[in-house]
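In this chain, numbering begins with 1 at the start of the sequence shown.
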Amino acid sequence: MDKDFTPTIIGFLCNWCSYTGADLAGTARMHIPPSIRIIRVMCSGRIDPLFVLRTYLKGADGVMMMGCHPGDCHYQKGNYSTRRRYVMLDTILKTLGLDEKRIGLWWVSASEAPRYEKVTNEFTESIKKMGPNPVFKEIFI
């Protein structure tokens, strides 16, 4: 494990819950890893699995998807779509022989800044242990 390795992690965050939770964590000066790059989407249901797969294949060491807790979606059923798509994406990754542990889904509400901090730190540590994205190295280098 390279101690100087700082992973590049892309986070697709729901505008109404997860993004607001991330904002609250930032304003509360919680420790959030500098490796997280956030892409705000209006709803986690708008995260196309191709966005996630393309992000991973273009070199991201990890991809996080975050949305409102099931039943609390601002758009009523968006997070249920996300959950179904995540299961499908997990199956696709396994079928292609890609490491499905580099992509994750979490439910984080607007008031859960400590949960956002915990999830991002744990995911970053797990990606650090795995090392750089091997797919990117095989395809592009």
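By the side-chain hydrogen bond (donor to acceptor under 3.5 Å, both in side chains) test, S44 is found to be paired with T82, residues two or more places apart in sequence or in another chain being considered. R37 pairs by the side-chain contact (heavy atoms from CB on, under 4.5 Å) definition with T8, I10, not counting sequence neighbours. Shown here are the side-chain hydrogen bond (donor to acceptor under 3.5 Å, both in side chains) partners of R84, two or more places apart in sequence or in another chain: S81. Evaluation of the side-chain hydrogen bond (donor to acceptor under 3.5 Å, both in side chains) rule for D90 yields K94 as partners, not counting sequence neighbours. Under the side-chain hydrogen bond (donor to acceptor under 3.5 Å, both in side chains) criterion, R54 pairs with no residue, sequence neighbours left out. By the side-chain contact (heavy atoms from CB on, under 4.5 Å) test, T27 pairs with D23, L24, sequence neighbours left out. Remark: K77 engages no residue in a salt bridge (charged side-chain N to carboxylate O under 4.0 Å, His left out) (not counting sequence neighbours). Here P7 pairs with F5, I9, S35, D61, T124, I127, K128 under the side-chain contact (heavy atoms from CB on, under 4.5 Å) rule; sequence neighbours left out. Applying the side-chain contact (heavy atoms from CB on, under 4.5 Å) test to R83 and every residue at least two apart in sequence or in another chain returns P70, Y80, W107.
The backbone N or O of G67 sits nowhere less than 3.5 Å from a side-chain atom of N79 that would complete a donor-acceptor pair.
Identified under the salt bridge (charged side-chain N to carboxylate O under 4.0 Å, His left out) test for residues 110-123, with sequence neighbours left out: K118-E122. Legend: ring-ring contact (aromatic ring centres under 6.0 Å, His included) pairs involving residues 113-134, not counting sequence neighbours, sorted by first then second residue: W106-F123.
By the 4.5 Å side-chain criterion applied to Ile, Leu, Val, Met, Phe, Trp and Tyr, L50 is assigned to no cluster and stands alone.
Ring planes of W16 and Y75: perpendicular class, angle over 60° (limits at 30 and 60°).
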